[in-house]
K.L.:
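One structure, pasted below without further comment.
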2 protein chains.
Amino acid sequence: MNHEKNLAQRAALFKALGHPARLLMLNLMREHSRHGEELAAILSLNPATVSHHLAKLAEAGLVTPRKEQYYQVYSLRGDLLKKTLMEMVQMPQETLSTGVEQDAFRAKVLHTFFKHGRLTQIPSQRKKVQIILETIAAEFEPGRKYEEREVNHILLDFNEDFASLRRYLIEFNLLARDKGIYWCVEK
Amino acid sequence: MNHEKNLAQRAALFKALGHPARLLMLNLMREHSRHGEELAAILSLNPATVSHHLAKLAEAGLVTPRKEQYYQVYSLRGDLLKKTLMEMVQMPQETLSTGVEQDAFRAKVLHTFFKHGRLTQIPSQRKKVQIILETIAAEFEPGRKYEEREVNHILLDFNEDFASLRRYLIEFNLLARDKGIYWCVEK
DNA sequence: TTTGTAATTAGACGAATGTCAAAACAGATT
DNA sequence: AATCTGTTTTGACATTCGTCTAATTACAAA
């Protein structure tokens, strides 16, 4: 996809702005166009170095060159600079929010604490417990009522300590109970 | 002065934004706060690397950390990102416009073509000729009238080819002539 | 065409940056 | 107090970046 390219492009823009000499050049060009030799003299840099910097700025679309008599004159492209940092940082939702984000963390946690479909250990961090319990709670059909021994039976598939699991599920508000009848909480 | 620090700070901000992993982190934090381990899992990076990136973002003032249970949770500082690129690039006038800009180029040109107060050669680039001639024209008192032989005498101090200099000065509109009388043009 | 001048490229080299493994740290849980 | 776990630091290594000199290129001026 072009998301990668897009990402690299954005990074390149900021990278182009991330050097003192180049910031100074842009400020000088803010007043009027400049040619390489002039910038080199003002900044006390070698013309080759200036050329190198200008290439980066041009590649990022921040300046545009034009020929003029002997000189290659560079001028500022103001339109790009009018955007906010946020606009430049922000990437399309789809690039990130397709659930991939949390899935990576979920997957890691699940892989750590589940072996062959069974819960090997209950993590001590609440965020991880949450993930574990959500996975277990998915085994219960929404809307259906369960007897306590049905609940125990299901939980027993995950770990022999079904009582702790049941308690956790209620504590985390994933399971509800009334008069010995259980049901899973709607999301 | 703090101009230097200011300049380095600005560059550091952009440098912090100039890396794909850090851009992704900011985008992830745009939805909600994140802790290091989570980011490491999502980005498939070593926790140490993530910590390093987060430190750069924090130093640039783009994110702020807070402790939360086991975790160090980082959240986005939106205010900074609201500014435009131009606002971040732009430096106070005084830092640049005190005439230092052009002076550097002038100095270089003058050093190249003047030796011991005498003009060793007339440059072929108009921008440089302009600088040379302005320097020579400064020898004439504003308002005062000069005979042609007085003009020649002054120019002879710079170069034996006084006739060419005189012609150039008029061509560049630095000296004016009427009926054999010369005067320097007001700025 | 020849010459001169600014711009760019190539090459080299030191400095800064990104990455990870391992160790040290900090702080909550037990 | 002892332990466990996420975070940060340290050290090492490869990569990228900034800078210069020297060589090359592109063109305007003569």
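Lettering follows sequence order; numbering is per chain, from 1. All values derive from a computational prediction rather than experimental measurement.
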K.L.:
Can you list the residues that meet the salt bridge (Lys or Arg N to Asp or Glu O under 4.0 Å) rule with A:Arg66, with sequence neighbours excluded?
P.N.:
A:Glu68
K.L.:
What residues form a side-chain contact (heavy atoms from CB on, under 4.5 Å) with B:Ala48, not counting sequence neighbours?
P.N.:
B:Asn46
K.L.:
Once side-chain contact (heavy atoms from CB on, under 4.5 Å) is applied, do any residues pair with B:Ala137, and if so which ones, sequence neighbours excluded?
P.N.:
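Applying side-chain contact (heavy atoms from CB on, under 4.5 Å) to B:Ala137 gives B:Leu169, B:Leu174.
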K.L.:
Can you list everything that forms a ring pair (Phe, Tyr, Trp, His ring centres under 6.0 Å) with B:Phe14? Sequence neighbours excluded, please.
P.N.:
none
K.L.:
For B:Ala12, give me all partners under side-chain contact (heavy atoms from CB on, under 4.5 Å), at least two apart in sequence or on another chain.
P.N.:
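So B:Ala12 forms no side-chain contact (heavy atoms from CB on, under 4.5 Å) with any residue.
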K.L.:
Using side-chain hydrogen bond (donor to acceptor under 3.5 Å, both in side chains) as the criterion, list what pairs up with B:Glu150, not counting sequence neighbours.
P.N.:
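side-chain hydrogen bond (donor to acceptor under 3.5 Å, both in side chains) list for B:Glu150, sorted by chain: B:Arg144.
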K.L.:
Which residues satisfy the ring pair (Phe, Tyr, Trp, His ring centres under 6.0 Å) test with A:Tyr182, sequence neighbours excluded?
P.N.:
none
K.L.:
Using side-chain contact (heavy atoms from CB on, under 4.5 Å), reason through B:Val151 and B:Arg177 one step at a time and then give a plain yes or no.
P.N.:
CA-CA 11 Å; B:Val151 172; B:Arg177 169 177 52 187; over 6 Å; no
K.L.:
Could you run down nucleotides 7-19 of chain C 5' to 3' and tag each one B, S or - for protein heavy-atom contact under 4.0 Å?
P.N.:
SSB-------SSB
K.L.:
Between D:dT9 atom P and B:Glu59 atom CD, what is the distance in whole Å?
P.N.:
11 Å
K.L.:
Please set out all donor-acceptor pairs under 3.5 angstrom arising from side-chain atoms of residues 72-86 of chain A, sequence neighbours excluded.
P.N.:
unit_1	atom_1	unit_2	atom_2	d
A:Gln72	OE1	A:Lys67	NZ	2.9
A:Arg77	NH2	A:Asp79	OD2	2.9
A:Thr84	OG1	A:Glu87	N	3.1
A:Thr84	OG1	A:Glu87	OE1	3.3

K.L.:
Identify, with sequence neighbours excluded, every residue that meets side-chain contact (heavy atoms from CB on, under 4.5 Å) alongside A:Lys56.
P.N.:
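Once residues adjacent in sequence are excluded, the partners of A:Lys56 under the side-chain contact (heavy atoms from CB on, under 4.5 Å) criterion are A:Arg22, A:His52.
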K.L.:
Are there any protein N/O atoms within less than 3.5 Å of an N/O atom in nucleotides 12-14 of chain D, and if so, which ones and at what distance?
P.N.:
none

K.L.:
To the nearest Å, give me how far apart CZ (A:Arg66) and P (D:dA28) are.
P.N.:
15 Å
K.L.:
For the helix from C:dT1-D:dA30 to C:dT30-D:dA1, figure out the bend between the end axes, five pairs an end, and round to 10 degrees.
P.N.:
30°
